[in-house]
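Chain letters run A, B, ... following the sequence lines, proteins first, then strands; residues in each count from 1. Computed from a predicted structure; not experimentally measured.
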There are 2 protein chains.
Amino acid sequence: MRAIREAMGPMHERSAALPAVSPAVESLVRQMIAQVADKWTMLVLEALEEHGTLRFGEVGRTVGGISQKMLTKTLREMERDGLVTRIVHPVIPPHVDYTLTELGRELSAAFCGVWTWAETYYEQVSAARKAFRAREEG
Amino acid sequence: MRAIREAMGPMHERSAALPAVSPAVESLVRQMIAQVADKWTMLVLEALEEHGTLRFGEVGRTVGGISQKMLTKTLREMERDGLVTRIVHPVIPPHVDYTLTELGRELSAAFCGVWTWAETYYEQVSAARKAFRAREEG
DNA sequence: GGCGCCTTCTTACTTCTGGTTAGCATTGCG
DNA sequence: CGCAATGCTAACCAGAAGTAAGAAGGCGCC
């Protein structure tokens, strides 16, 4: 994710003609989008939204297919951004609970539209994909 | 993105207890999310939504900070998934126009919530980030 | 006529992210 | 004793993304 190209690298220097919002806000929002528009973040968000509070391993199993490393990293970043609270119960074996914050629930709600879109249009998308393949092969 | 771990690799094999939807649909939707929840896809989507039809270079400048390689790849995938139409005017120098399809506009609308979230809460997020840094350093 | 420009896209080469595997810490249980 | 359970880290490696350069080909400039 690399902090949105820390100086807006190649491809010219951004068109000067942007909508209304201030460039600073625009840049911040883009940073957030870049960090939040991550596969694992979305999946973890949905898992926690659906099940309430989950332990580390439960999040992993619910999300499915995520490595411990990425799960740790994703949850850390989400905690850092105030999307989840992380409660460590100092027992052996370790027990850590993750819960969405209000901010996290809001974001989850915002992503809801994307989930709905995916569920609504996945047939159209796979049709488009098939047509595309046929077009380029034929 | 790797097609949602082509066999749901590590971290056990998904919890058997999932909501209502069929596992096949669930998996397909996850694939789509994984491919569509990409930083560049979101940014390109927004650029095209906002400006209507754009040429290759214009998309790049509007998005800002994207390499030509990734722009080509992203637009190709979006075309393949039926999100944009790609119209090549066979002139020299080359001239290629990109426009959102109805499907793309729907997706853009779905992402609108995320943009709104980001604009609404970026102050809270940066506050949370600052607090987190203070907490872990102090 | 030769040179270079324009724009989109491709092709090496390099850097960085993410996955895999192994290990640590610490208590209880067989 | 030794091993399972749980959250997390470290080392290593494949694959993804960034960088830079080139190709195509008609047109303007000298």
Side-chain angles (χ1 to χ4, degrees), chain A residues 1-13 15 34-35 37-44 47-48 53-80 84-99 136, chain B residues 1-13 15 34-35 37-44 53-80 84-99 136:
Chain A
M1 289 285 162
R2 194 71 288 142
I4 212 80
R5 236 74 289 309
E6 31 256 325
M8 289 303 177
M11 207 90 195
H12 318 57
E13 314 70 23
S15 78
Q35 285 156 5
D38 168 73
K39 183 177 73 167
W40 296 131
T41 302
M42 279 190 65
L43 261 10
V44 167
L48 286 175
T53 296
L54 290 178
R55 301 182 51 175
F56 179 85
E58 290 174 333
V59 178
R61 277 186 292 277
T62 306
V63 165
I66 186 172
S67 65
Q68 286 194 337
K69 183 172 132 184
M70 283 314 292
L71 184 52
T72 301
K73 183 168 166 257
T74 304
L75 285 169
R76 244 349 114 66
E77 286 176 357
M78 291 176 75
E79 185 199 2
R80 183 200 53 169
V84 301
T85 55
R86 178 168 171 273
I87 299 172
V88 182
H89 299 103
V91 297
I92 298 292
H95 184 136
V96 186
D97 281 328
Y98 292 92
T99 314
E136 77 173 354
Chain B
M1 289 287 158
R2 196 68 289 144
I4 212 79
R5 238 72 292 310
E6 29 256 327
M8 290 300 178
M11 207 92 194
H12 318 56
E13 315 68 25
S15 79
Q35 284 156 5
D38 168 73
K39 185 177 73 168
W40 296 132
T41 302
M42 279 190 64
L43 261 10
V44 167
T53 295
L54 290 178
R55 301 182 51 175
F56 179 85
E58 291 173 332
V59 178
R61 277 185 292 278
T62 306
V63 165
I66 186 171
S67 66
Q68 287 191 338
K69 183 171 123 182
M70 283 314 291
L71 184 53
T72 301
K73 185 168 164 262
T74 303
L75 286 169
R76 248 341 120 66
E77 286 176 358
M78 291 176 75
E79 185 199 1
R80 183 200 53 170
V84 302
T85 55
R86 177 169 172 272
I87 299 172
V88 181
H89 300 103
V91 297
I92 299 290
H95 183 136
V96 185
D97 281 328
Y98 292 93
T99 314
E136 75 174 354

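- Distance A:D97 CG to D:dT6 C1': 12 Å, rounded to the nearest Å.
- Between the CD atom of B:E58 and the C1' atom of C:dC6 there is a distance of 14 Å, rounded to whole Å.
- Between A:M70 and A:K39 the shortest side-chain heavy-atom distance does not fall below 4.5 Å.
- In this structure, the CG atom of A:L75 is 14 Å from the C1' atom of D:dT6, given to the nearest Å.
- Using cut-offs of 30° and 60° on the angle between ring planes, the pair A:H89 and A:H95 is perpendicular.
- Position along DNA chain C of the nearest nucleotide to B:V88 versus A:P93 favours B:V88 as the more 5'-ward residue.
- Using a 4.5 Å heavy-atom threshold, the side chains of A:L54 and A:T62 count as touching.
- Between B:W40 and D:dG18 there is a side-chain polar atom (N or O) within less than 4.0 angstrom of OP1 or OP2.
- Residues A:D97 and A:R55 share a closest heavy-atom pair of OD1-CG, 3.4 Å.
- Between the two ends of the helix from C:dG1-D:dC30 to C:dG30-D:dC1, each summarised by a five-pair axis, the helix axis turns through 30° (rounded to 10 degrees).
- Comparing A:K69 and A:I92, the nucleotide of DNA chain D nearest to each residue sits closer to the 5' end for A:I92.
- One atom, NZ of A:K73, and another, C1' of D:dA10, lie 16 Å apart when rounded to the nearest Å.
- Whole-Å rounding puts the A:I87 CD1 to D:dG7 C1' distance at 16 Å.
- Residue B:H95 is the one, among B:H95 and A:P94, whose nearest nucleotide of DNA chain C lies closer to the 5' end (criterion: closest heavy atom).
- As rounded to whole Å, 10 Å separates atom P of C:dG19 from atom CG of A:D38.
- OP1 or OP2 of D:dG7 lies within a sub-4.0 Å distance of a side-chain N or O belonging to A:R55.
- An OP1 or OP2 oxygen of C:dT10 is reached within less than 4.0 angstrom by a side-chain nitrogen or oxygen of B:R76.
- At a threshold of 4.5 Å between non-hydrogen side-chain atoms, the residues A:R86 and A:R76 count as touching.
- With contacts defined as side-chain heavy-atom distances shorter than 4.5 Å, the pair A:L71/A:V44 qualifies.
- Residue B:R86 places at least one side-chain N or O under 4.0 Å from the OP1 or OP2 atom of C:dC9.
- Considering only the side chain of B:Q68, D:dA21 comes nearest among D:dA21, C:dG18, D:dT9.
- In this structure, A:K39 places its NZ atom 10 Å from P of C:dG18, rounding to the nearest Å.
- Look at CG on A:L54: it is 15 Å from C1' on D:dT6, rounded to the nearest Å.
- Here B:T74 contributes atom OG1 and B:L43 contributes atom CG; the two are 9.5 Å apart, rounded to the nearest 0.5 Å.
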